[in-house]
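Single-structure report; data block below.
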Amino acid sequence: MISRIKAFFNGGASGKRRVVTRFAPSPTGFLHAGNYRTAVFSYIYAKQHGGKFILRIEDTDIARSKKEYEENIFESLEWLKLPYDEMYRQSERAPIHRQYLEKLIAEDKAYEGEEARNEGGGKVIRFRNPNKKVRFTDLVRGEIEFDTTDLGDFVIAKSLAEPIFHFAVVVDDYLMGITHIVRGEDHISNTPRQMLIQEAIGAPTPTYAHLPLVLAHDRSKLSKRHGAESMTYYRDAGYLPDALLNYMALLGWNPGTDQEIFDLPDLIKAFDISKVQKGGAIFNEEKLRWVNKEHLKRLPKDALVMNIRDRIAKSSRAQDIGWDVSFETVNRIAPVLVERIDTYGDISKLVESQDLDYYFQNPIYDALSLKWKDDKDLTSVKKHLTHVKDILEKLPSAQWDENGIKAAIWPYAEAEGRGQVLWPLRFALSGKDRSPNPFTLAAILGKPSTLKRIDTALDLCSHAGADANP
Ligand code: GLU
């Protein structure tokens, strides 16, 4: 039975084996970028060798494994667009693990022994350690040798039905035909035990690549309290999956050139596992944001506009006030907006802080805010806005863009004072102390809205004037 399972998984004993890697997460919590970085490297390594990438959920710790975490792994890999060729759940493989345990016991390579005294004194299955040196060549860390004597006859199962982690991993890697084990450096000390078990069950030793740990900014282990967020957190915060993927690929690897922005096909071409560094890689949120912005800038314009439009339209402010968030308007705002954001989440922040209001609704403000600095009253505001309105009314639609509007108004502003002319215009269009310049605003708002807002400002001035001088 065992040999039939083996032949099935290994595709027989023919020639050079196809590269098969796996991502083997334990669903005992939300996985972070440090965990998914392993999936990214495993995936890329398999694909650049025309191989297979397997997902194996290591859920044998029944007490700590939760469906919710498993679901999150599926969702995250889907979001990152890292499709697996096969998926297994370790807990469903208990009968297979049992067969291998029975075989080892029958061959006297394992035996039922006592649990250590401090573990309660029950029965466990122990591995008969041949006490020897094991050697392997790690693709990242080079030659590694361990003397296994210190390990003693280590436990491989609590019972026939409960193999411990090392045993299940080795049997599964063997039967799934895993040729390359790419995993975190924290597993390096598990490797000698696992190699002894491989030898005992007649499995070849796969090639190992132990990746440097991903550390928080203070070089502590990345953890919930230290900057570690789930992958779906980044999804929900409006990051691009391609940016996360790109950033994670740079955690411990670089191409040796200045290039930092990659898409997946580029990564599959450029990645070189032998160039992975040995030292820990720091997870840097700022850098991630920068990578995300670079990816945003490279998106096809229509996709960018649609995504920004969705973000704005779904905001409670847009819905409460009933903004008309049209593709055309957002298309005009997008270039300005992209300068101000790193992620789509930043758009939500701009909306909430009412920083985008003037694009979607007429501003409400006090007439006196239109005054430039030391102006005593609204006389100059009225004069300049009237003149600017006249200029803009005459400006042909074909010239209604940022440059055309600027060219039309600039000589007048230069002659009369930039502040005196441009401040009231900008304020009439935005109703805010801070906003893009009036040419940009007018171009985005379009001719009818721009003229209407100038009219409103002039109306406000007249009323304020009437109140001031009855
Ligand atoms: N299930 C292990 C973990 O989540 C990984 C085992 C392995 O990669 O060998 O850390």
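Starting from 1, each residue takes its place in the sequence as its number. Note that ligands are numbered from 1 as they come in the structure, with each ligand's atoms numbered from 1 the same way.
- Residues forming a side chain to side chain contact (heavy atoms under 4.5 Å, CB included) with D236 (at least two apart in sequence, or on another chain): none.
- Close N/O approach between V169 and ligand 1 is not found [any backbone or side-chain N/O within under 3.5 Å].
- Annotation: atom 2 (C) of ligand 1 to nearest protein heavy atom, A24 O, 3.3 Å.
- Under a 4.0 angstrom heavy-atom cut-off, F165 registers as being in contact with ligand 1.
- A donor-acceptor pair is defined here as one N or O able to donate and one able to accept, closer than 3.5 Å; such a pair exists between the side chain of K293 and the backbone of V338.
- A distance-only check finds a donor-acceptor pair linking the side chain of Q259 to the backbone of I261 [under 3.5 Å].
- Looking only at heavy atoms of the protein, atom 8 (O) of ligand 1 is closest to R22 NH1, 2.7 Å.
- Figure legend: cation-pi geometry between R235 and Y239 absent, as NZ or CZ is not positioned both under 6.0 Å from the six-membered ring centre and within 45° of its axis.
- Here the protein heavy atom with the shortest distance to atom 10 (O) of ligand 1 is H187 NE2, 2.9 Å.
- Of the protein's non-hydrogen atoms, the one nearest atom 6 (C) of ligand 1 is E58 OE1, 3.4 Å.
- Side chain to side chain, Y36 and S76 meet the donor-acceptor criterion of an N or O pair below 3.5 Å.
- Numbered from 1 in the order shown, with element, the atoms of ligand 1 that lie under 4.0 Å from a heavy atom of R183 read 7 (C), 8 (O), 9 (O).
- Proximity of a side-chain donor or acceptor of T191 to a complementary backbone N or O of I188 within less than 3.5 Å is detected.
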